Protein chains: 2
Amino acid sequence: MQDLLFDFISKYVSLTEDEKNIIISLNTFRTIKKGTILLNEGQNSNESYFVLKGCIRTYYIIDGVEKTTAFYTEMEVLTPHCVISKAPSEYYISCIEDSIIIISNPEMEVEVFNKFPKFESLCRILSEELLAKQQIDFDKFKTSSPEQRYLNLLQSRPDLIQRVPQHQLASFLGIKPESLSRLKARIIEKNKV
Amino acid sequence: MQDLLFDFISKYVSLTEDEKNIIISLNTFRTIKKGTILLNEGQNSNESYFVLKGCIRTYYIIDGVEKTTAFYTEMEVLTPHCVISKAPSEYYISCIEDSIIIISNPEMEVEVFNKFPKFESLCRILSEELLAKQQIDFDKFKTSSPEQRYLNLLQSRPDLIQRVPQHQLASFLGIKPESLSRLKARIIEKNKV
DNA sequence: ATAACTCGTTGACTTAAGTTAAGAAATGAA
DNA sequence: TTCATTTCTTAACTTAAGTCAACGAGTTAT
């Protein structure tokens, strides 16, 4: 299992066996059952999540309705806003498949950064990459219609459409579940003619 | 002018006079005229922009139409996606007010990081903050109607509505300029009754 | 096995955004 | 100033998303 992590890290920096052992000794690998809520609205947490296997999602409850805004799957990291802002969380995080997650916190990170400054470089580079990537995603969202967003998702993350309930996908695409249903029917209809 | 920068940095780390002098000696402060294009589509660039004063925007040209997706004003940083991906840029960056901008590049950064590791911490923390903040913005965008987005912007960045042309604001809000016009008229109508 | 729920789809209707076109208002240049 | 261009608004019409309700399929719990 750890190999997945080290393969990922090796794309950015090379680690010695000693360094790898330090990581393993932190003992932060967790198996989480589907349905587990990792973070509640209003909660103060300092945990970050690195998904090794499985899928977690962030969602809000607005006027009693769940609004899913993001999914994190294999090799994706989520540091909740509340960890940065040190304010109560505005959203929930739940595990939507049985998953293996690395759970870390800022104190641990600082400790590792002090021992191996290389890790801070890694985290800086990862953050900068994610930020730029997310900006592109946001741009694409803004400049696309719901239908284009769906077709785009079909290309870029086809797995998500399989593994995630439609009503969660709908709010992820910024629309209502009924609209997603109709939009899909519309696409099929177009392709027939 | 530099004081603006150092005041900003001091929120995150404290700098000695020596360190400040190093920054100044890099001589990266630039005054940019309104209308200047800082980055063209298809261009490979390695420049990052820190806006000390003024405003820059990113925009795409899609089917011959400009789509503005982001604005950066005082104390905001933009590292274009192409700097990270090392691929040609998909968007343009232009300066929409006479501005003072700090222009840096990865080589300069590495040099500074080596002299003062503290700066890499600063950049990591800034990136992580920006990432979490941007995620919240994206979430809010997804879960709001165009009208709510406009009202939200009125609260959170009222200056933008003043300093930016409406048709650029419209695509920033993910709609057409005509829709923004009608939406504003609708809001005024509501408040009358 | 049955009841209760969740989930996805469909239909009828409402509302608002997209489209196209025209014109008014503001801005900039000659 | 005057002309041209850009920006913003309005109108008429089309398209699609939102809303509300109903239904069937699948799941879970009792």
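Below, each value reflects all heavy atoms present in this structure, side chains not excepted, and no hydrogens, waters or symmetry copies. Computed from a predicted model, the values in this text were never measured in an experiment. Note on naming: letters A, B, ... go to the chains in the order of the sequence lines (proteins, then strands), and numbering restarts at 1 for each one.
The interatomic distance linking B/I62 (CD1) with C/dG18 (C1') rounds to 15 Å, in whole Å. In this structure, A/K34 places its NZ atom 14 Å from P of C/dT6, rounding to the nearest Å. Between the C1' atom of C/dG11 and the CD atom of A/E189 lies a distance of 16 Å, rounded to the nearest Å. Between A/L169 atom CG and C/dC7 atom P the separation is 13 Å, expressed in whole Å. Rounding to whole angstrom units, CD of residue B/E178 and C1' of C/dG18 are separated by 8 Å. The distance between atom CG of B/L180 and atom C1' of D/dC8, rounded to the nearest whole Å, is 10 Å. Straight-line distance from the CD atom of A/E66 to the C1' atom of C/dC7: 13 Å, rounded to whole Å. The nearest whole Å value for the distance from the CD1 atom in A/I175 to the C1' atom in D/dG18 is 11 Å.
Salt-bridge annotation for A/R124 and A/E128: present, with a side-chain N of the basic residue lying under 4.0 Å from a carboxylate O of the acidic one.
The aromatic rings of B/F50 and B/F8 stand perpendicular to each other, their planes meeting at an angle above 60°, with 30° marking the opposite boundary.
In this structure, B/H167 does not reach the D/dT6 phosphate: none of its side-chain N or O atoms is under 4.0 Å from OP1 or OP2. A/K176 has no side-chain polar atom (N or O) that falls below the 4.0 Å cut-off from OP1 or OP2 of D/dA16. The side chain of B/S179 contributes no N or O atom lying less than 4.0 Å from OP1 or OP2 of C/dA17.
Below the 3.5 angstrom threshold, one finds a donor paired with an acceptor across the side chain of B/R182 and the base of C/dG18.
Judged purely by atom type and a 3.5 angstrom limit, B/S99 has no side-chain atom pairing as donor or acceptor with the backbone of B/I101.
At a threshold of 4.0 angstrom between heavy atoms, the contacts of B/R186 are confined to the sugar-phosphate backbone, with no base atom among them.
Side chain of A/K184, nearest nucleotide from C/dA17, C/dT9, D/dT9: C/dT9.
Here the side chains of B/P80 and B/I93 are in contact, with some heavy-atom distance below 4.5 Å.
The two residues B/P158 and B/Q155 have their closest heavy-atom pair at CD-O, 3.5 Å.
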